[in-house]
Number of protein chains: 2
Amino acid sequence: MTLDERKKKVLQAIIRDYISTAEPVGSRTIAKKYELGVSPATIRNEMADLEELGYIEQPHTSAGRVPSDKGYRYYVDCLMGKKKISEQEEGIILGGYKAKVKDMGTVLRQTNSILSGITNYTSIVMGPQYTTSNLRYVQLVPLDSNKALVLVVTDSGLVQNKILELPQSVNEVDLQKISQIMNAKLQGVSLDQIKLTLIKEIYDELSKHKHIFDAAMDMIQETLDLNHEEKVYLAGTLNILNQPEFRDLTRVRTLLSLLEQDKVLKEILNDGSHAETGISVTIGAENRVDGLQDCSTITATYQIDGRTIGSVGIIGPTRMDYEKAVCIVEFMTSHLSKIMKDFYGH
Amino acid sequence: MTLDERKKKVLQAIIRDYISTAEPVGSRTIAKKYELGVSPATIRNEMADLEELGYIEQPHTSAGRVPSDKGYRYYVDCLMGKKKISEQEEGIILGGYKAKVKDMGTVLRQTNSILSGITNYTSIVMGPQYTTSNLRYVQLVPLDSNKALVLVVTDSGLVQNKILELPQSVNEVDLQKISQIMNAKLQGVSLDQIKLTLIKEIYDELSKHKHIFDAAMDMIQETLDLNHEEKVYLAGTLNILNQPEFRDLTRVRTLLSLLEQDKVLKEILNDGSHAETGISVTIGAENRVDGLQDCSTITATYQIDGRTIGSVGIIGPTRMDYEKAVCIVEFMTSHLSKIMKDFYGH
DNA sequence: GTTAGCACTCTATTAGGTCGAGTGCTAAAT
DNA sequence: ATTTAGCACTCGACCTAATAGAGTGCTAAC
């Protein structure tokens, strides 16, 4: 399984060249551009070996070689160095966050647009889950005689709202009272526990206020029937049009229609295994999502106070500049964690 | 300027045929498919006239004719009938709104996806402007010792939130007090008036609470420094890939990169002249947005209580099925107005 | 005013031919 | 035993010419 030194160099040269040119690379090119000190013929032999081992393949007989998924995998795991982000890139990233950012949605959207802009790939950012956050504040705001707006705020700064229809019997004072009771009972409780354990306590409390009892219970039920879905943001879909592998319209359509589905985006982000390194590279057929077999994804998570609350990722062709992409995703997530800490951390 | 009866029929036939086949249409086709009772030669003469008048044009000498912008304009204004929406379509639209919709963002997003789904074009939906709404409720929710969440609710049910950094000196009670003052002074006031006239009153009120005066003024300033931009939603961008006129990747890219910019989307929606009919069709070069000269847009507005609060639109090639599209956009906006009224109207 | 007939124009498609990049193999050189 | 030079071979990319077909405009007859 372990390749000798020269084979590594050849493989590396092939991959580097292919990444930058998108053309199958021949023995001659390698001998000329990458100074290995051997002739094309020798390289041809090495390439034949590499092909037999499955690291590269030939589109057709009289063409150069192209890395296979296995080849890329080897490159990512063993060959590529760990690059440091350039000062210029760092400048773009830091400058991309406008000073006045003050709400989570905007932070995530900006992150996303910086990420896709700087990598030239498509990027995804997933926001915090509501389930793992704690309730900070809940309020019923009367809109008119039979409608109220429900506001629910979590301690990670997420806000949800919806319209609630009011029974005739309920007035503004009642709403205020119900809000108070909910706040008193539910503040600091994690959202996924609320339903199970605490409704009863409120129930008891409410029975002291008989006249609005029934209506109030219904309203509380509905107030807490929140949308638990995380938000996913997508940016830079256009970038795939710059990739020569997507000159084919059918492919573009297939990929774009996948990326339109939030479900798929979440799948992509969750399929990465971030347990150990924090950053995960999934290459070609390794992708579990159907239709993504020609793509690679790089995903990572971000944290508040050490707790993982969301993830970001980029999607590109398997012919991706892994070295640069990994380094940027790494920097972006750590920076995002920092921002999150400043805004929402303790 | 007014065409004789037969010319109208010929023009209509050409447009109908071209809309459905996307192929230049010849005299023979028309004579065969559309029973005008005359021979191809006669139709050829009529076509030559129509071309001279600018209603149709020839891609090249030995091809059929294609409608020009002027031709489409005539069709839209004079030739096409007013179609009634089919029961099937109505079913899809009504069913597209899930029962549980309770917040404005979701309503608009669903509207958008129904619209693009049913027309097979790209659709845009623009939400209410904040400026024209009245403030209903404002609240500062403490998150931790030096951060608070600002909530601002308007009477059209829009919610905005952001994080505010607190000076050391301010405690929870102060926040509550400030919220109260703001509510007392600002409820019911239109958002675009708030800055100019009312800060002073709050100023006076606050001077009674000396110890937090400076901090409070700053915070109120920042609280009311809202993002006044309307939200714009985009859906069905993929649909343009189904249009034969967008088989060319460069075109796709041009259009998609336009549609990525919210500014452009708003321009499209605002360029329509909805004053009279409520629905506006803009054809090809009539579009003011650069790069949209091969597209047509159909836009309309929706209302709450007779007041226009937002607009929707669709974008497709000039070879658009105007009859169907107009009818659907019309139905959708009137239905959306109805929904809005139920949720947010008086 | 309408129609049939016909020559003409222009594109799209196909087939054939050439070019060139790159390979694999063999035999000589190191 | 490894490396290299040389060479025949393969196969896609590109160009060219030829052909087919759709549709027109014009003319002359109806």
Side-chain angles (χ1 to χ4, degrees), chain A residues 3-11 13-18 20-68 71 244-245 247-249, chain B residues 3-11 13-18 20-68 71 244-245 247-249:
Chain A
L3 301 174
D4 70 54
E5 220 38 52
R6 195 169 61 192
K7 279 197 177 51
K8 283 187 193 173
K9 279 206 175 125
V10 172
L11 180 56
I14 292 174
I15 293 181
R16 290 255 162 92
D17 203 77
Y18 187 62
S20 69
T21 66
E23 298 287 332
V25 11
S27 52
R28 193 187 186 69
T29 318
I30 291 185
K32 231 190 318 177
K33 281 213 274 186
Y34 305 82
E35 296 164 9
L36 302 188
V38 289
S39 77
T42 312
I43 293 180
R44 271 206 288 285
N45 289 329
E46 298 286 29
M47 285 167 89
D49 291 350
L50 284 170
E51 179 162 8
E52 201 170 353
L53 293 168
Y55 292 103
I56 55 180
E57 36 200 41
Q58 236 174 340
H60 53 262
T61 323
S62 74
R65 301 311 211 291
V66 160
S68 66
E245 26 273 284
R247 239 176 263 152
D248 177 21
L249 263 188
Chain B
L3 302 174
D4 69 56
E5 221 36 55
R6 195 169 62 192
K7 280 196 176 51
K8 282 188 191 173
K9 280 204 175 125
V10 172
L11 180 56
I14 292 173
I15 293 181
R16 291 254 161 92
D17 203 78
Y18 187 63
S20 70
T21 65
E23 297 287 333
V25 11
S27 52
R28 193 189 186 70
T29 319
I30 291 185
K32 232 189 318 177
K33 280 212 274 185
Y34 305 81
E35 297 164 7
L36 302 188
V38 289
S39 75
T42 310
I43 293 180
R44 269 205 290 285
N45 288 329
E46 299 286 28
M47 285 167 88
D49 291 350
L50 284 170
E51 180 164 6
E52 201 170 352
L53 292 169
Y55 293 101
I56 54 181
E57 37 200 41
Q58 237 175 338
H60 53 262
T61 322
S62 75
R65 300 309 210 293
V66 160
S68 66
E245 25 272 283
R247 238 176 262 151
D248 178 20
L249 262 188

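Numbers restart at 1 for each chain; the letters A, B, ... are given by sequence-line order, proteins then strands. Both backbone and side-chain heavy atoms feed into the values below; hydrogens, waters and symmetry mates do not.
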Whole-Å distance between [N] [atom2] and [X] [atom1]?
X       : N      : atom1 : atom2 : value
B:Asp17 : D:dG23 : CG    : P     : 10 Å
B:His60 : D:dG25 : NE2   : P     : 12 Å
A:Glu51 : C:dG22 : CD    : P     : 15 Å
A:Asp49 : D:dT3  : CG    : C1'   : 14 Å
B:Arg44 : D:dC26 : CZ    : C1'   : 10 Å
B:Glu23 : D:dG21 : CD    : P     : 17 Å
B:Ile43 : C:dA4  : CD1   : P     : 12 Å
B:Arg65 : D:dA22 : CZ    : C1'   : 13 Å

Is any side-chain N or O of [X] closer than 4.0 Å to OP1 or OP2 of [N]?
X       : N     : answer
A:Thr61 : D:dC9 : no
B:Ser62 : C:dT9 : no
A:Arg28 : D:dA5 : no

**Report entry** A:Ser68 side chain to A:Glu57 backbone, donor-acceptor under 3.5 Å
**Finding:** no

Query raised in the report: Hey, is the main chain of A:Ile43 close enough, under 3.5 Å, to the side chain of A:Ser27 for a donor-acceptor pair?
Result: no

Query raised in the report: What are the two closest non-hydrogen atoms of B:Leu11 and B:Gly71, and how far apart are they?
Result: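 That closest heavy-atom pairing would be CD2-O, 4.5 Å.
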
Requested in this report: State which of D:dG25, C:dA4, D:dT3 makes the closest approach to the side chain of B:Ser39.
Outcome: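 Of D:dG25, C:dA4, D:dT3, C:dA4 is nearest to the side chain of B:Ser39.
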
Query raised in the report: Taking the side chain of B:Thr29 as heavy atoms from C-beta outward, which of D:dG23, C:dT23, C:dT2 is closest to it?
Result: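 Taking heavy atoms from C-beta onward, the closest nucleotide is D:dG23.
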
**Report entry** Residue mapping more 5' on DNA chain D - nearest nucleotide basis, B:Ala41 or B:Gly64
**Finding:** B:Gly64

Query raised in the report: A:Lys7 pairs by salt bridge (charged side-chain N to carboxylate O under 4.0 Å, His left out) with which of A:Glu51, A:Glu46, A:Glu52?
Result: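 When A:Glu51, A:Glu46, A:Glu52 are each tested with A:Lys7, the salt bridge (charged side-chain N to carboxylate O under 4.0 Å, His left out) holds only for A:Glu46.
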
Report task. Report the residue (B:Thr42 or A:Asn45) whose heavy-atom-nearest nucleotide on DNA chain C is the more 5′ of the two. Result -> B:Thr42

Query raised in the report: Does some side-chain heavy atom of B:Asp17 sit less than 4.5 Å from a side-chain heavy atom of B:Ile30?
Result: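 Side-chain contact under 4.5 Å: no.
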
